[in-house]
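Quick notes on the structure that follows.
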Amino acid sequence: VGALTAKDVTVVPTRDIVHGLAVLLALGSREAVPDAATIDMAIAGVVSAAVFFAGKDASAGGVAVRAGAPAAMIDGRLIAAPTLAELLFEVVRVLAAGAPGVVTLYYGGAQTEHDAQQFAADLAGRNAELDVECCFGGQADNEYWVSFER
């Protein structure tokens, strides 16, 4: 049996790439594919949000967003804000709910490494209880995937 890979984790109930990465990190260098209970426990410690520019006018749960405006989805809940920076701060506030932990920004879309690093620094400066990391995610359809791990 070889080392556990991203392909193995994807094949065995993860919900998205962010959760798959959390499973990989939580499981370390195990030699065998873990059982479902172990995977579920790793996933339970992570919450995430997709941050994007709306492709069209939309509304959900009483929140409306106009085409081209920044928006986010957290477990099917739409969040909107006037600017991308304000939206990212709100997303992190909702995900972390004041708890200490690790926030990881996976940037993609039209975002540059400079943009992502700047936001990560601003976020860390405002939230001493959070460790903030920034990684290139390469996703074309979202500006950021934001994850929070306790």
Side-chain angles (χ1 to χ4, degrees), residues 1-54 60-63 65 69-109 111-150:
V1 176
L4 186 63
T5 67
K7 180 180 176 187
D8 297 323
V9 172
T10 301
V11 168
V12 292
T14 60
R15 293 177 285 194
D16 59 48
I17 297 289
V18 172
H19 288 93
L21 290 171
V23 170
L24 283 173
L25 292 172
L27 299 176
S29 62
R30 292 187 186 199
E31 292 295 320
V33 176
D35 61 29
T38 303
I39 292 172
D40 287 345
M41 194 165 45
I43 290 173
V46 179
V47 289
S48 65
V51 177
F52 53 92
F53 291 112
V63 177
V65 63
M73 290 297 285
I74 301 175
D75 288 331
R77 178 179 158 204
L78 181 64
I79 297 176
T83 68
L84 184 59
E86 290 175 82
L87 178 65
L88 287 166
F89 283 116
E90 179 63 10
V91 163
V92 170
R93 187 191 68 74
V94 170
L95 292 177
V102 177
V103 171
T104 305
L105 305 173
Y106 298 93
Y107 67 94
Q111 301 308 301
T112 66
E113 180 178 9
H114 179 266
D115 296 333
Q117 293 288 349
Q118 182 62 54
F119 178 72
D122 291 347
L123 182 61
R126 290 187 186 187
N127 299 279
E129 74 281 5
L130 299 176
D131 290 324
V132 182
E133 300 174 348
C134 186
C135 302
F136 177 67
Q139 63 277 8
D141 54 347
N142 292 305
E143 302 306 303
Y144 291 95
W145 268 102
V146 181
S147 71
F148 174 73
E149 301 171 58
R150 295 196 192 299

query: Looking at Ala71 and Leu78, what are the two nearest heavy atoms and their distance?
result: CB-CD1, 4.0 Å

- line: d(Ser48 OG, Ile74 CD1) to nearest 0.5 Å is 8.5 Å

- prompt: Quick one: OH on Tyr144 to SG on Cys134, what's the gap to the nearest 0.5 Å?
  reply: 6.5 Å

task: First locate atom CZ of Phe89, then atom CG of Asp122, and finally report the distance between them rounded to the nearest 0.5 Å.
output: 5.0 Å

- prompt: Below 4.5 Å, heavy atoms only, C-beta onward: do Leu123 and Leu88 meet side chain to side chain?
  reply: no

- request: Take Val51 and Val146 through the side-chain contact (heavy atoms from CB on, under 4.5 Å) test and state the conclusion after the steps.
  value: CA-CA 8 Å; Val51 177; Val146 181; 4.0 Å; yes

Between CD on residue Gln118 and OG1 on residue Thr112, distance to nearest 0.5 Å: 10.0 Å

- prompt: Heavy-atom distance under 4.5 Å between the side chains of Gln111 and Leu84, does that happen here?
  reply: yes

- prompt: How many angstroms lie between CZ in Phe148 and OG1 in Thr104, if you round to the nearest 0.5 Å?
  reply: 10.5 Å

message: Run the side-chain contact (heavy atoms from CB on, under 4.5 Å) test on Arg77 and Val94 for me, step by step, so that the C-alpha distance in whole Å, both residues' side-chain angles and the decisive distance to 0.1 Å come before the verdict.
response: CA-CA 11 Å; Arg77 178 179 158 204; Val94 170; 3.7 Å; yes

- prompt: Can you tell me how far CG of Leu130 sits from CD of Glu149, rounded to the nearest 0.5 angstrom?
  reply: 12.0 Å

- prompt: Going by heavy atoms in the side chains, are Leu105 and Glu133 under 4.5 Å from each other?
  reply: no

task: Please step through side-chain contact (heavy atoms from CB on, under 4.5 Å) for the pair Ile79 and Val63, ending with a clear verdict.
output: CA-CA 7 Å; Ile79 297 176; Val63 177; 6.0 Å; no

query: So, do Glu113 and Tyr107 sit near enough that their side-chain heavy atoms are less than 4.5 Å apart?
result: yes

task: Determine the minimum heavy-atom distance between Trp145 and Gln139, stating which atoms define it.
output: N-NE2, 3.5 Å

